[in-house]
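Chain naming here is simple, since letters A, B, ... match the order of the sequence lines and numbering starts at 1 in each. We use all heavy atoms of the structure for the numbers below, so side chains are in, but hydrogens, waters and symmetry mates are not.
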Amino acid sequence: MNMDTIVSLAKRRGFIFQSSEIYGGTGSCWDYGPLGVELKNNIKRVWWRDNVHLRSDMVGLDASILMHPTVWKASGHVDHFTDPMVDCRACKRRFRADQLDGGPWVHYCPVKANNKFEVPGGEPCKHCGSRRTLCPECGKGELTAPRQFNLMFKTFMGPVEEDASVTYLRPETAQGIFVNFDNVLQAMRLKLPFGIAQIGKSFRNEITPGNFIFRTREFEQMEIEYFVNPRDSVDGKPADEYWHERWIEDRLAWYGRYGIRSDNVRLREHGRDELSHYAKRTADIEYRFPMGWSELEGIANRTDFDLKQHAKFSGKSLTYFDEERKEHIIPYVIEPSAGADRSLLAFLVDAYREEEVRGEKRVVLQLHPELAPLKIAVLPLLKKREEIVKTAQAIRGDLARRWVTVYDDTAAIGRLYRRQDEVGTPYCVTVDVQTVGDPDKGEAGDRQVTIRDRDSMGQIRVAIGELAAVFERLFGGESWAALAPRYPSPSQKT
RNA sequence: GCGGGAAUAGCUCAGCGGUAGAGCGCCAGCCUUCCAAGCUGGGGGUCGCGGGUUCGAAUCCCGUUUCCCGCUCCA
């Protein structure tokens with residue numbers, strides 16, 4: 001299983017195209033094709049449903065991408081969201097300038113001949129007293145001057161490029177939530193703990209984008225800011241720590257619910273040294289991508305950092321009145337921040353299977369039915385029989401009001417099934433001669449059709465009038481294995 | 001940004017100085033009563049782009065862009 005297989009399938013079947021491909025492509029940008037946009041919308045929809053609609057303590061928000069520039073001063077992005085890089089001229093290794101002095105370094109001591117050794121981080125050499133000036137890895141090369149660049153896209157508000165109108169494309173959706181904290185609190189009369197969810201585009205000038213849609217400069221986030229009263233305690237724990245645990249469990253379970261195999265996800269706790277400036281604790285949900293374990297979602301305890309910062313910079317009070325204690329407090333916030341594009345990639349990779357069926361390779365995307373871009377394909381067994389085609393198209397029109405349903409008659413039935421398998425369509429409906437009857441033989445149709453299951457390739461016979469009810473059950477969560485035995489299987493000729 | 005690899009049809013790739021190819025896919029027709037069947041026909045590429053060498057360049061040289069793998073990253 002490698003990424004190229006997925007990239008190729010994604011392009012060939014209309015999931016993901018490279019941006020501006022006819023101009024040679026543009027670095028790190030990707031476009032979602034007809035099936036890709038369905039899949040992505042489905043992911044966002046179930047995320048929203050599960051995290052907003054099904055909970056009584058969550059509300060939604062859609063903030064603008066362009067915000068007041070001071071937002072990014074307050075959030076720390078202008079000052080901290082930079083990676084000053086230096087390169088070793090000898091060994092070509094690259095380092096972050098701000099992390100150079102902390103680590104141990106290789107030293108060729110001029111006092112002790114032939115003595116190459118490692119000096120602990122931040123300390124001078126015991127023998128000659130010199131400090132590190134060369135590359136810490138090879139000890140030989142000079143380092144280039146640090147190149148300071150901010151990871152935010154700078155842009156200009158208004159038609160004239162004046163300094164006063166400089167702002168940024170947001171590097172995270174979170175700040176849109178923090179600056180609206182008080183608006184939402186007032187408008188919705190909320191009580192802690194409660195959360196605000198948002199899905200939207202963010203932009204980062206990544207130094208090295210890559211790995212298909214994994215790291216791109218324009219990407220979509222699905223973020224939650226869950227506000228808690230740090231003075232409360234739940235189950236003997238401070239509320240922020242309790243809710244942090246809860247969100248970690250919930251979010252991990254969410255990926256499993258939509259089909260990600262448990263072997264392919266894991267939790268990774270951040271070490272103290274890698275915590276962001278605002279975080280008290282962070283845990284990542286990682287997925288085993290073709291290129292290795294990588295982050296799918298980060299769940300951070302951001303404490304009261306953001307609300308405090310925005311209160312300070314805006315001069316507005318961003319507090320919550322604790323009725324019991326009769327005091328104003330600044331809530332702590334738990335942030336489950338997921339990548340929509342990364343989730344999509346994980347769902348795609350995880351669903352991809354190659355099977356052998358009758359000596360032939362079958363490629364099948366075993367996407368969860370709720371995520372599958374197409375839900376049902378209606379196929380005529382014979383496209384020469386007008387009655388079959390008419391019936392199939394009528395069924396498609398009927399089912400399409402409720403599920404994304406397509407009709408295809410451009411190949412033999414076997415090929416049509418495989419096409420649908422390759423894009424993960426959970427069910428196919430096939431109309432045959434029995435359905436409509438054979439006037440030449442004076443036979444009347446039985447008005448039944450075949451439903452074929454993607455994963456098992458099993459088939460059942462169902463009356464046309466009963467189709468919607470059967471699909472209601474299948475898409476409502478009833479398994480094929482439970483439902484199929486209650487229906488006859490079609491009489492097949494081989 | 002540095003090092004390494006690559007760029008030819010929708011996809012996978014062959015061709016490596018002498019008129020652009022294959023398999024698969026796609027489209028049309030015939031055939032076909034349930035799992036990538038068969039037959040016939042068809043569309044589709046100024047060989048990433050720009051220069052150079054040459055009688056002649058997909059092929060050799062230089063530059064450039066994009067992609068992939070590392071360094072880095074954290075949705």
Colleague: Are A:Arg268 and A:Trp293 in a cation-pi contact, defined as NZ or CZ under 6.0 Å from the six-membered ring centre and within 45° of the axis?
Modeller: no

Colleague: Which nucleotide sits closest to the side chain of A:Glu422: B:A75, B:A36, B:C34?
Modeller: B:A36

Colleague: How is A:Thr430 classified with respect to the nucleic acid when contacts are heavy atoms under 4.0 Å: base, sugar-phosphate, or nothing?
Modeller: base

Colleague: When the side chains of residues 373-387 of chain A are checked against the rest of the protein, which donor-acceptor pairs come out under 3.5 Å, sequence neighbours left out?
Modeller:
| unit_1 | atom_1 | unit_2 | atom_2 | d |
| --- | --- | --- | --- | --- |
| A:Lys375 | NZ | A:Pro369 | O | 2.8 |
| A:Lys375 | NZ | A:Glu370 | O | 3.1 |
| A:Lys375 | NZ | A:Ala372 | O | 2.8 |

Colleague: Once pairs are restricted to Watson-Crick or G-U wobble with both distances under 3.5 Å, how does RNA chain B read as a dot-bracket string, [ ] for crossings and | for other-strand pairs?
Modeller: ((((((((.[[[[.)..(..]]]].(((((.......))))).....[[[[[..)....]]]]])))))))....

Colleague: Could you pull out all donor-acceptor pairs under 3.5 Å where a side-chain atom in residues 337-348 of chain A meets a protein atom, sequence neighbours excluded?
Modeller:
| unit_1 | atom_1 | unit_2 | atom_2 | d |
| --- | --- | --- | --- | --- |
| A:Ser337 | OG | A:Glu223 | OE2 | 2.6 |
| A:Asp341 | OD1 | A:Glu220 | N | 2.7 |
| A:Asp341 | OD2 | A:Tyr32 | OH | 2.7 |
| A:Asp341 | OD2 | A:Lys40 | NZ | 3.1 |
| A:Arg342 | NE | A:Phe214 | O | 2.9 |
| A:Arg342 | NH1 | A:Glu295 | O | 3.1 |
| A:Ser343 | OG | A:Gly339 | O | 2.7 |

Colleague: Holding to ring pair (Phe, Tyr, Trp, His ring centres under 6.0 Å), I want the full list of residues that pass it with A:Trp403, two or more places apart in sequence or in another chain.
Modeller: A:Phe471, A:Phe475

Colleague: In whole Å, what separates the C1' atom of B:G10 from that of B:G5?
Modeller: 25 Å

Colleague: Establish, with yes or no, whether the OP1 or OP2 oxygen of B:A75 is under 4.0 angstrom from a side-chain nitrogen or oxygen of A:Thr173.
Modeller: no

Colleague: Please identify each residue that fulfils side-chain contact (heavy atoms from CB on, under 4.5 Å) with A:Arg302, with sequence neighbours left out.
Modeller: A:Glu172, A:Ala174, A:Gln175, A:Phe178, A:Glu225, A:Tyr278, A:Ala300, A:Asp306, A:Val333, A:Glu335

Colleague: Counting only side-chain nitrogens and oxygens, does A:Asn211 get under 4.0 Å of the OP1 or OP2 atom of B:C67?
Modeller: no

Colleague: Mind checking side-chain contact (heavy atoms from CB on, under 4.5 Å) for A:Thr216 and listing every partner two or more places apart, or none if nothing turns up?
Modeller: A:Ser28, A:Trp30, A:Phe219

Colleague: Please work out which residues in residues 369-384 of chain A have a non-hydrogen atom less than 4.0 Å from an atom of RNA chain B and list them by number.
Modeller: A:Leu381, A:Lys384

Colleague: For the pair A:Asp31 (side chain) and A:Gly33 (backbone), establish whether a donor and an acceptor sit closer than 3.5 Å, ignoring hydrogens and angles.
Modeller: no

Colleague: Give me the distances for all protein-to-nucleotides 38-45 of chain B N/O pairs that come in under 3.5 Å?
Modeller:
none

Colleague: For A:Glu356, enumerate each residue passing the side chain to side chain donor-acceptor pair (under 3.5 Å) test, keeping only those at least two apart in sequence or located in another chain.
Modeller: none

Colleague: Polar atom pairs between nucleotides 8-11 of chain B and protein, under 3.5 Å, N or O only, would you list them?
Modeller:
| unit_1 | atom_1 | unit_2 | atom_2 | d |
| --- | --- | --- | --- | --- |
| B:G10 | O3' | A:Lys11 | NZ | 3.3 |
| B:C11 | OP1 | A:Lys11 | NZ | 2.4 |
| B:C11 | O3' | A:Ser8 | OG | 3.1 |
| B:C11 | O2' | A:Ser8 | OG | 3.2 |

Colleague: Please work out if A:Glu295 contacts a base, only the sugar-phosphate, or nothing of the nucleic acid, heavy-atom cut-off 4.0 Å.
Modeller: base

Colleague: Nearest to the A:Arg204 side chain among B:A75, B:A36, B:C35, which nucleotide is it?
Modeller: B:A75

Colleague: Please enumerate all residues that pass side-chain contact (heavy atoms from CB on, under 4.5 Å) together with A:Val52, with sequence neighbours excluded.
Modeller: A:Trp48, A:Ala197

Colleague: When you get a sec, tell me which of B:A37, B:A36, B:C27 is the closest nucleotide to the side chain of A:Ala412?
Modeller: B:A37

Colleague: Could you list all the ring pair (Phe, Tyr, Trp, His ring centres under 6.0 Å) pairs where at least one residue sits in residues 374-396 of chain A, not counting sequence neighbours?
Modeller: none

